Every structure is written in structure tokens, then in C-alpha cells.
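In what follows, a single structure is set out as C-alpha cells and then discussed.
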Amino acid sequence: MHPKANFSGNFHSGKGENGYKINLNVKRKLKQVISSESEKRFRAENGQGVKGRKSGGLTLQEQRENLPLYPVRESIIQQIRVNDTLIFLGETGSGKTTQIPQYVHESGFTRSGIVAVTQPRRIAAISVAQRVAQEKFCQVGELVGYTVRFEDCSSPETKIRYMTDGSLLREAIRDRLLTPYSTIILDEAHERTVNTDVLFGIVKEAQRIRKEAKKQPLKIIVMSATMDVDHFSAYFNKAKIVYLEGRMYPVKLKHVKRNDHDYAQTCLITLFDIHRNAPLDHDVLIFLTGQEEIDAMAEQVRSIGKSAEFHDSPLKVLPLYSQLPQHKQLEVFKPAPQGVRKVILSTNIAETSLTISGIKYVIDSGMVKQKVYNSLTGMDTLKVVKISQAQAWQRTGRAGRESEGVCYRAYTVSEFEKMSLMTTPEILRSNLATTVLQLLALGIDCMNFDFMDKPSRESLNSAIKLLYELKAIGAIEGAKLTEVGRKMSQFPLDPRFSKILLEAANYGCLTEMIMIIAVLSGENIFYSSTDKRDQILVAHSKFVSKYGDHLTILNAFREFLSAENAKMWCFKHFLNYRNLMYANEVRKQLLEICKRCNIDESTCGNDYDQVRKCLLVGLFGNIAELQRDQMYLTLVGRQRAKLHPSSALCHKPLADYVVYTDLVATERAYLKYITIVDPDWLHELPNASKLRRYSTTNNFK
DNA sequence: GAGCACTGC
């Protein structure tokens with residue numbers, strides 16, 4: 001049970017097994033809440049930074065002193081001093097992310113090394129670093145800095161370094177003892193990203209080895225916002241838990257009385273109940289599951305909102321999901337005009353990544369779209385499932401950031417109680433090929449790795465098997481990295497792609513493969529929208545290759561790189577400029593790593609067969625065969641699937657054999673990013689005999 | 001004829 005069943009203002013958690021509670025008697029309200037996190041983040045992302053030293057008449061120092069942490073500062077520093085490992089349970093608004101690292105610094109620990117603070121998201125690492133630099137009256141990159149992919153804003157002076165968890169993990173692969181660091185703070189640990197989960201084991205091991213070797217000790221601090229801290233404590237040898245009070249306003253909870261199994265309908269009815277009764281300057285945030293659902297409901301809300309009943313109470317309806325163009329996302333941060341209610345329909349992007357100010361009401365559908373990987377079929381399934389109780393509290397909290405609020409839950413109390421306590425950690429529902437390779441690069445056998453939650457044997461085995469087939473390891477048992485494997489681990493890619501780059505020189509097409517893989521690493525470069533569908537189709541048809549999506553991507557990316565005015569060019573061709581720019585960053589990074597690995601640059605010009613053959617070097621396990629009923633069958637996982645509607649080859653005569661990049665199931669199974677392959681090539685693949693056995697047609701015998 | 005939640009190196 002969540003300890004805050006009554007959800008009043010002062011988050012107190014009760015004591016854990018090794019509990020230690022810092023009491024706060026001081027209760028002051030912030031006169032001015034610093035402009036919302038997300039807004040700051042967006043500004044930071046746009047390179048504007050956070051300006052001015054004052055906020056609402058409070059100096060930075062006054063703001064610091066107003067944080068709930070401040071009065072117990074000495075006591076916290078004392079705890080940091082005496083414990084090698086410490087777990088902070090800090091509720092929203094406690095200021096732990098900005099303050100604890102400063103306390104570590106102020107108590108002298110940075111004399112012997114840097115304090116690293118990891119974040120799951122780069123935008124958080126950057127914006128928090130900017131904030132703390134201000135508090136320290138320094139420029140970012142001096143005393144306080146950050147390190148994220150493509151951007152290292154730190155210097156030899158830097159003592160407090162914010163970084164993404166993935167960034168620190170990369171560094172650990174080069175230096176498993178994390179020598180430059182005196183303290184590692186793993187923030188937002190409750191999110192349990194794959195990277196944080198791996199880091200748990202790495203820092204624990206580094207601490208042990210450094211202690212045994214009588215080297216500079218490593219201090220570990222885990223910061224979490226949810227209640228499973230006992231799990232963390234147990235993992236870190238019964239580390240002490242310190243509870244930090246947050247600053248939240250009371251949120252009233254309302255559950256539905258009966259379950260009618262149509263959460264969307266319930267949300268809609270609730271919204272208009274609120275709309276009838278609440279003052280118009282109270283904004284509403286509704287949590288739904290995906291783009292399609294959100295767009296559909298937005299339409300409904302708009303149309304009901306236009307009815308006579310609501311003539312005098314206008315609504316501003318704003319969808320919010322990650323695929324939405326940036327400028328439309330920014331709309332949600334603008335205050336609605338006087339006398340207009342803002343209604344935001346969001347995916348769980350508003351749960352953690354973005355914070356919207358002024359939300360008075362939250363309507364929680366209780367559902368989320370979640371990805372689960374099946375290692376037997378090699379398929380990702382994207383399914384709408386019930387949220388966890390922890391997620392429910394996170395959503396509820398979004399109503400109480402600046403004033404008292406109300407959370408309407410489209411599920412009953414007993415349904416809530418049936419929800420799992422915590423969200424399943426990502427590592428238990430992901431493809432582990434990359435993780436296992438990273439561990440091997442650290443000299444760790446994944447079967448014996450000290451996971452906080454150990455993935456299934458099947459999941460680990462299938463990752464090991466893939467690495468063996470890619471020749472990254474020499475044997476299945478007692479897996480050891482080969483030279484190829486060591487090189488593969490250098491790349492920030494799925495091992496199948498790393499392998500392709502390592503072999504591309506043999507096919508004379510490194511330039512082309514890097515471009516294709518760079519685009520696949522990012523988000524979709526082709527803009528899509530239903531209203532200009534035909535126009536877009538024509539614009540994109542220019543790039544379409546008869547061989548499929550990989551070469552279509554290549555055509556588009558090549559032209560992008562040679563365009564005079566890239567931004568205009570993208571606009572004209574309905575391509576996503578931001579995603580192409582990102583792909584170009586990745587391309588440059590991959591080129592750099594290839595150089596380090598002594599892979600010679602080469603280009604095949606328009607000899608596209610070389611590219612198509614080279615794809616198979618990594619994706620030989622992803623062959624699908626056309627069946628009589630015009631469905632594809634994946635040969636290794638034996639999964640029936642269709643081409644994804646976004647494919648360049650949709651609505652064209654289907655080829656007998658294709659190589660696919662992803663197999664994803666939503667309502668049905670789809671092959672994404674495919675290229676036609678010549679059946680003759682299949683005989684030369686490392687798993688040819690297996691493929692032949694699985695084939696059900698006579699095209700490949 | 002029908003679509004991908006969210007991150008990150």
C-alpha cells in the first residue's frame with residue numbers, strides 16, 4: 001500500500017526497516033514557484049537558458065533556504081558523511097536533485113573526486129545543471145557541468161556533474177572502477193530504466209573493489225520518489241534510508257463507484273462534469289494511452305464543447321504526445337485566455353518528462369501503452385495495460401504542484417488495490433542484446449551479474465545466442481568477448497547494427513550503412529498526417545526505392561545532406577528536419593567510432609546490391625518469407641506478420657523474401673523497415689540451413 | 001487498407 005492513501009499535503013512515509021526520518025517542523029509556502037520545470041527545460045533546449053537571478057522577488061539563496069531540505073541540511077550532511085551507501089526517499093518538490101549534490105560538495109567529498117548525478121533524460125541533466133550552476137554563481141561547465149551524448153559541458157574544474165544514466169554507463173565500460181568519481185548519485189532510481197538498473201550492479205561492484213584494493217572509497221547515493229526503497233536498501237546491503245519531505249499540496253481523490261469498462265467514456269463524462277461546475281481558470285489534464293485515442297477524444301471534446309450548453313464556457317483542447325511537432329507541444333505551456341478552460345489530453349509523457357503548471361484537475365484513465373519484448377519470437381508487443389499503483393500516484397501528484405487539486409480516477413478503489421504496486425522494471429521486458437554485450441565489455445558474465453531484478457533465463461540466453469551468432473563471443477558457455485565483440489561494444493547501437501558497420505568495409509559501403517543506421521537510430525524522418533496525405537505521398541515518392549525502406553531512407557538522407565537550405569528543403573518534401581539533424585549527429589559520431597576501430601571509409605555509390613547484402617550481415621535472423629495468403633512468415637520466430645503501413649513497399653506487389661529491422665505487434669504483427677532480398681543470397685547466411693528448414697514454400701530450397 | 005507509449009548511448 002502506498003502510505004499516502006489519504007493523500008494530504010505533507011508527504012510522510014513512515015519508517016522503513018532501516019528507516020531514519022528527518023522531521024520538519026518548518027512549513028512555509030513558496031511565495032513563488034519557480035517557473036515550471038518543463039518550461040525551463042524547453043527554454044534550455046532552445047538554448048535560452050534560465051535568465052535572471054531573481055524569481056518572484058526571492059534571491060536564489062532565499063529560494064534554496066525555502067526548500068524543505070534546508071532546515072535539515074546539517075543532519076543530511078552528517079548522514080552522507082557516515083554512510084558509504086545511502087538511500088533517499090524524496091518526494092516531489094523536496095529539492096533533492098539540486099541540493100543533495102551540493103551538500104556532498106560542501107561536505108568536502110569532491111576534494112577526492114567528482115560527484116556524478118545520473119538522470120534518465122538528457123533534458124533533465126542539462127536543465128538541472130544550469131539551475132545548480134546559477135545557485136553556485138558559476139557558468140555551466142565550471143564547478144557544475146553536465147555530460148550527455150553529443151554534448152560534454154564539463155571541464156577539469158567540474159566537481160558536480162549531471163549526466164544521463166546511459167552516459168555514465170558508457171564511461172563505466174572504459175573504466176569499471178569509475179576512478180574520477182568520489183560519489184555516484186543515481187537519481188530517479190524508481191524509474192528503473194535499463195541503464196540505471198545496470199549501473200546499480202556496476203557501482204556496487206566498483207565500491208567493493210575499491211574498498212578491497214584500499215583505493216579511494218566510492219560513495220553511493222540512490223534517490224527515489226516511490227516507496228520501494230526497501231528493495232533498494234536490501235540490494236545495497238541494508239543501506240540506510242533517509243526520508244525527505246516534499247512540498248506538495250493536498251490532492252483530493254475520487255474513484256468511480258462502479259466499473260463500466262469504458263475508461264475513455266468515463267474520462268469524457270468526468271471532464272464535462274468538471275466543466276459544468278469548476279471555475280474556468282482551473283485546467284484539466286487527462287491521461288490516456290496513445291496518439292490515436294487522444295486525437296479521437298480531442299475531436300469529441302471539441303464537438304461537445306461547441307454545444308449550446310457550453311456556449312458561455314469555452315474550452316481549449318490540447319493533445320500532447322511525443323510524436324507531436326515541437327511547436328504544438330509548446331502550446332500546452334501557454335496559459336489559456338481569460339475565461340477559457342485548458343484541457344490537455346496526454347500520454348504518459350506528462351507523467352515524468354513534462355510538467356505543466358496550473359493543473360487543478362487530473363483525470364486518470366488508469367491505462368498505459370506499454371512495450372514488452374518476447375525473446376522467443378523476437379517481437380515487441382505494444383499493449384494497453386493497467387498502470388501500477390506507483391504510476392497512479394505519480395499521475396495524481398500532477399494535480400498538486402502549485403495548489404490544492406483533485407484527481408478523478410476512472411477506476412474503482414478495489415481496481416486500484418488490484419493494480420501491481422510497481423511498474424515492471426524495463427530490464428524485465430526488453431531485448432537484452434545490448435545490455436549483455438555491455439556487461440561482457442565490463443568483463444561480467446550476465447548469468448552471474450548481481451541484478452536487482454534478474455531477467456529470465458530465456459531472455460538472457462537469447463541475447464547470448466545472438467551475440468554468438470554475430471561472433472561477438474566465441475562460445476555460448478563461459479561467454480568471452482572476441483575482438484569483434486570488443487569493437488562492437490564501442491558503438492551506441494544494437495549489436496546487429498554494430499556488426500553491420502564492422503563488416504561494411506568488406507562490401508564497400510560504409511558511408512551508406514552509417515547513414516541508414518544513423519536514421520534508424522532516431523525517430524521517423526518522414527512526416528505524416530492524414531489531412532495532406534496525398535500531397536505527402538507524392539513528395540515522398542521521389543525517394544522511394546523499389547528495394548524497400550533502407551534504401552528509401554538512404555535516398556532521402558543523401559539528398560538532405562546535399563540540400564542548400566536543409567530546413568526549407570525538408571519543409572518542401574515533408575521531411576522532419578529535427579529528426580534528420582539528429583540523424584546527422586549520430587552519423588558523425590558513428591563515423592568517429594569507425595575511425596577509432598580502423599574501419600576504412602568506403603562508398604558503393606549506387607550499387608545498391610552491396611547495401612542490401614550488407615544488411616544481412618547483422619539481420620540474418622530477420623528474414624521473412626511470403627506465404628500463399630500474402631502474409632509474411634518470419635523464418636526464425638515463425639511469426640505471421642504484414643508490412644507496416646509506413647513501408648515504402650506497401651500496396652506494391654510483395655516480394656518472396658524480405659529482411660526486416662523490427663517486428664512489432666500492436667493490434668496485429670507488423671514488419672518495419674524492410675528490404676527485398678534475393679533468395680540466392682540466403683544460402684550464404686550463417687543460419688542458412690535453419691532458414692531452409694523453416695521455409696514453407698519452394699522458393700528457397 | 002490502416003498506424004508507435006516513452007527514453008537513451
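Just so it is clear, the model here is predicted, and its values are computed rather than measured.
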- Aromatic plane relationship, A:Y411 with A:F416 - under 30° parallel, 30 to 60° tilted, over 60° perpendicular: parallel
- Counting side-chain heavy atoms from CB outward, which of B:dC6, B:dC9, B:dG3 is closest to A:R170? B:dC9
- Note: A:R398 and A:A350 closest approach over all heavy atoms is NE-O, 3.0 Å
- Task: Round to the nearest Å and state the distance from A:E293 atom CD to B:dC6 atom P.
- Result: 12 Å
- Message: Measuring from the side chain of A:R533 (C-beta onward, heavy atoms only), which nucleotide among B:dT7, B:dG1, B:dG3 has the closest atom?
- Response: B:dG1
- Task: Measure from the side-chain N and O atoms of A:H573 to the backbone N and O of A:L575, and report whether any donor-acceptor pair falls under 3.5 Å.
- Result: no
- Task: Go through the N and O atoms of the side chain of A:R668 and the base of B:dA2, and report whether any donor-acceptor pair is under 3.5 Å.
- Result: no
- Item | Length of the line joining A:I123:CD1 and B:dG8:P, which is rounded to integer Å | 8 Å
- Message: What is the separation between atom CD on A:E171 and atom C1' on B:dG8, rounded to the nearest whole Å?
- Response: 16 Å
- Spacing of A:E523 atom CD relative to B:dC6 atom C1', expressed in whole Å: 10 Å
- Task: Starting at atom CZ of A:R121, determine the distance to atom P of B:dC9, rounded to an integer number of angstrom.
- Result: 12 Å
- Message: So A:T347, base contact, sugar-phosphate only, or nothing? Heavy-atom distance under 4.0 Å.
- Response: sugar-phosphate
- Task: Pick base, sugar-phosphate or nothing for A:S646, based on heavy-atom distances below 4.0 Å to the nucleic acid.
- Result: nothing
- Task: Identify whether any heavy atom of A:V194 sits under 4.0 Å from a base atom; if not, whether one sits that close to sugar-phosphate; answer base, sugar-phosphate or nothing.
- Result: nothing
- Message: Can you see whether A:T98 engages A:R131 through a side-chain donor-acceptor pair at a distance of less than 3.5 angstrom?
- Response: no
- Message: Let's see if you can work this out: which of B:dA5, B:dG3, B:dG8 has an atom nearest to the side-chain heavy atoms of A:T164?
- Response: B:dG8
- Quick one: A:L169 CG to B:dC9 P, roughly how many Å, whole number? 11 Å
- How many Å lie between OH on A:Y146 and C1' on B:dC9, as a whole number? 16 Å
- Message: From C-beta outward on A:H644, which listed nucleotide comes closest to its side chain: B:dA5, B:dG3, B:dT7?
- Response: B:dG3
- Item | Note: A:E585-A:K588 ion pair, threshold 4.0 Å (strictly below) | yes
- Message: What's A:N348 touching, base or sugar-phosphate or nothing? Going by heavy atoms closer than 4.0 Å.
- Response: sugar-phosphate
- If you look at every strand shown and take non-hydrogen atoms under 4.0 Å, does A:Q589 touch a base, only sugar-phosphate, or nothing? nothing
- Under 4.0 angstrom, heavy atoms only, what part of the nucleic acid is A:L382 near: base, sugar-phosphate, or nothing? base
- Query: OP1, OP2 of B:dG3 versus side-chain N and O of A:Y670: anything below 4.0 Å?
  - Reply: yes
- Rounded to the Å, how far apart are A:Q323 CD and B:dT7 C1'? 12 Å
- Give A:Y321 one of three labels, base, sugar-phosphate or nothing, depending on what nucleic acid heavy atoms sit under 4.0 Å from its own. sugar-phosphate
- Task: For the residue pair A:Y670 and A:H644, categorise the inter-ring angle as parallel (less than 30°), tilted (30 to 60°) or perpendicular (more than 60°).
- Result: perpendicular
